[in-house]
Structures are given as structure tokens and as C-alpha cells.
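Every chain is numbered from 1, with letters handed out A, B, ... down the list of sequences. Bear in mind the structure is a predicted one, so any value in this text is a computation, not a measurement.
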Protein chains: 2
Amino acid sequence: MAQLGDLERSIMDALWASESPLTATELQESLEAGSAGVSGKQLAVTTVLTVLSRLEHKGLVVRDRAVRPHLYRASSSHADHTAELMHEILGASSDRSEVLARFLGQVSPEEAATLRGLLNSPPRDSGLSA
Amino acid sequence: MAQLGDLERSIMDALWASESPLTATELQESLEAGSAGVSGKQLAVTTVLTVLSRLEHKGLVVRDRAVRPHLYRASSSHADHTAELMHEILGASSDRSEVLARFLGQVSPEEAATLRGLLNSPPRDSGLSA
DNA sequence: AATCTGTTCTACACTTCGTAGAAGAACGAC
DNA sequence: GTCGTTCTTCTACGAAGTGTAGAACAGATT
């Protein structure tokens, strides 16, 4: 799946941050406003479109072609995506428990607590994601 | 830090698998033999050298210039590196606990057990790796 | 039909990565 | 100390990925 480029990431962030699907133009605006920090430079809509197509191709974005200004949304939540990425990386390792040990060795106490809580309250219903 | 390319990864794997530091030529040989699966094609030593330099530049490889055939070793263990990558990804997320929840939702029961064990075992003093 | 708005095609520059030859540097043999 | 061998560095190029956007095309509105 690989890591995304800067623009790709910004666009995904905007999509993840949005409740409802967005149009290319809306994204263009939210990119100008919301993010970027210092810039302020407006991107061309076609640029946004191009990146959206690429993200769709990568399976990260779903496009609704039924409506006229096409609507775009992230195919999975940010958390899901991130968790998947983490698993991908973990899975590529030969020595998973060792990695997990190191991983835990680096988490903050709060996160450790969070993890403990999650592991002890097992609401393992979510048989979702194929 | 980003993901590595195929060759870069193979070389890192060889370095991680090795107890002691290796020379470029040794790496070249172990690449031919150990990995690759189907190929069998021998890389030029200069290719290995180039990639090693790039990896050194990225901070993943440490080179000992004191001895003549320079010796190369991974700057950190595979597990450490992987764990760091996972943290990097996790850190880029705004909603860490949510990600962790999703992450745990995807781990195998064995891994969950491993994690439980690690979280309950004595505080990992290991103040190693800077 | 003409126009406006949004989408697709095409394109280019820049970076990263795989790949390696040519040139340079160090070290042992003589 | 010079010669040859061995190793490293420099330089380079092609493929892929990404940021960027104009040109051309399609659907809706009047």
C-alpha cells in the first residue's frame, strides 16, 4: 500500500475529517483553508481531481459517480486505515512478538493503560473488515 | 522514514539476519544465495555499495570505515526498526486510542495473549537504543 | 444550440530506487 | 617506490511515483 505523498495525505485527511462525502471543489477549498500551515496557495481543481483518481485507484477513496458533481469519500476510517498499515508492517516482520515487545517498550504509560483496558474488555464482536 | 524499496529491504534483511557486520561482497553473495526466491541473478557489487550508501544516508545502516573492506551493520534491530515504524504511523494519527482499538481488533488471539503478557509483566527497563 | 461546470486525458518536472560503469584510493607484492 | 589488485566513490540512466495543471470532452441549464 505504501506511504502517501504530501498532497495525497492532505486530501485523505480532509476526507477523513469530513462527515459526509465531498466534491472536488469542496476539497480544493478545504485544502486551501484548513491545512498547509503557511502556504495559502490555491491548487487547481484538476490537481485535486487527479490526486483523487489516483487515490481511488489505490482503493483509498470511493467515488459516487451517480450524482453530478461526483462525491468522494474515504473508503475506510482513518483509524482503520492506520491500524491496517500497522498490521501490514508488523506482518512483514519475521519476529512478531519481539516487535510487539519493542512496540510496547515505546508506548507512553497512558497508551499502555488504554491497551490494557482494550485487551481486558473484549467486545470482540466486530467481525467486520474482510 | 518511509518504506524501503525491494533491494533496500533485501539488504536490510541480510544485515538484520547477520550476527556480525558484513562487507559489501559478503552481502552481494548472501543476496544471491539466501533470498530472491526465483531469480539467481548476481548483482554488481557497486549496486550493493550504492544501496548501502543510501541506507547509511537514511540512518538505517552504520558503516565502519576503519577497516579496509568497510563493514556494514544495521543501526538498529529489525524488531526495533519495525516497532519504530509502527509508532511513526501511530503518531501521525490524531486519534491514537481509536487506532489502537482498531489495531487490537485485528490481532490474532495469540498476539493478543502476547500483548497481555507483555503489558502485565515487569516494567521493561530496557533503556537501550538512543 | 450555447454556455457553464465538472471530469478525463495528457503531459511534464522532480524525486526515489534499481542498476551499474568509470574513475579514484588504499594496500600488499616485489 | 611502483604495480596490480581490491574496494569505494562518482556519475548516470531508466522506471515508477507524485505534484502540478492545461486541453479536450461531457453533462446540465437556459
note: A:L52, atom CG; D:dG19, atom P; distance rounded to Å ~ 12 Å

Distance-only criterion, 3.5 Å: show the donor-acceptor pairs between side-chain atoms of residues 11-19 of chain A and protein atoms not counting sequence neighbours.
unit_1: A:W16; atom_1: NE1; unit_2: A:S76; atom_2: O; d: 2.7
unit_1: A:S18; atom_1: OG; unit_2: A:S20; atom_2: N; d: 3.3
unit_1: A:S18; atom_1: OG; unit_2: A:S20; atom_2: O; d: 2.4

Tell me: CD of A:E56 to P of D:dT18, nearest whole Å? 16 Å

In whole angstrom, give the distance that lies between atom NE2 of A:H57 and atom P of D:dG19. 15 Å

Would you mind reading off the bend of the helix from C:dA1-D:dT30 to C:dC30-D:dG1 from its two end axes, five pairs each, to 10 degrees? 0°

Decide yes or no for A:L71 and A:L22: does some side-chain heavy atom of the first lie under 4.5 Å from some side-chain heavy atom of the second? no

Could you work out, with salt bridge (charged side-chain N to carboxylate O under 4.0 Å, His left out) as the rule, every residue matching B:E8, not counting sequence neighbours? B:K58

Return the set of residues passing side chain to side chain donor-acceptor pair (under 3.5 Å) with B:R63 (not counting sequence neighbours), or none when no residue passes. B:S53, B:E56, B:H70, B:Y72

Hey, what do you get for OG (B:S93) to NE2 (A:H78), rounding to the nearest 0.5 Å? 5.0 Å

Indicate the ring-plane relationship of B:F103 and A:F103, choosing parallel, tilted or perpendicular according to the 30° and 60° boundaries. tilted

Between CD of A:Q42 and CD of A:Q28, what distance do you get to the nearest 0.5 Å? 4.0 Å

For every nucleotide of nucleotides 3-18 of chain C, 5' to 3': is a protein heavy atom under 4.0 Å from its base (B), only from its sugar-phosphate (S), or from neither (-)? ---SSB--B-----BB

A:R54: which residues meet the salt bridge (charged side-chain N to carboxylate O under 4.0 Å, His left out) condition with it, sequence neighbours left out? none

In whole angstroms, how far is the P atom of D:dT20 from the CD atom of A:Q42? 12 Å

Once you round it to whole Å, what is the distance between C1' of D:dG19 and CE of A:M12? 17 Å

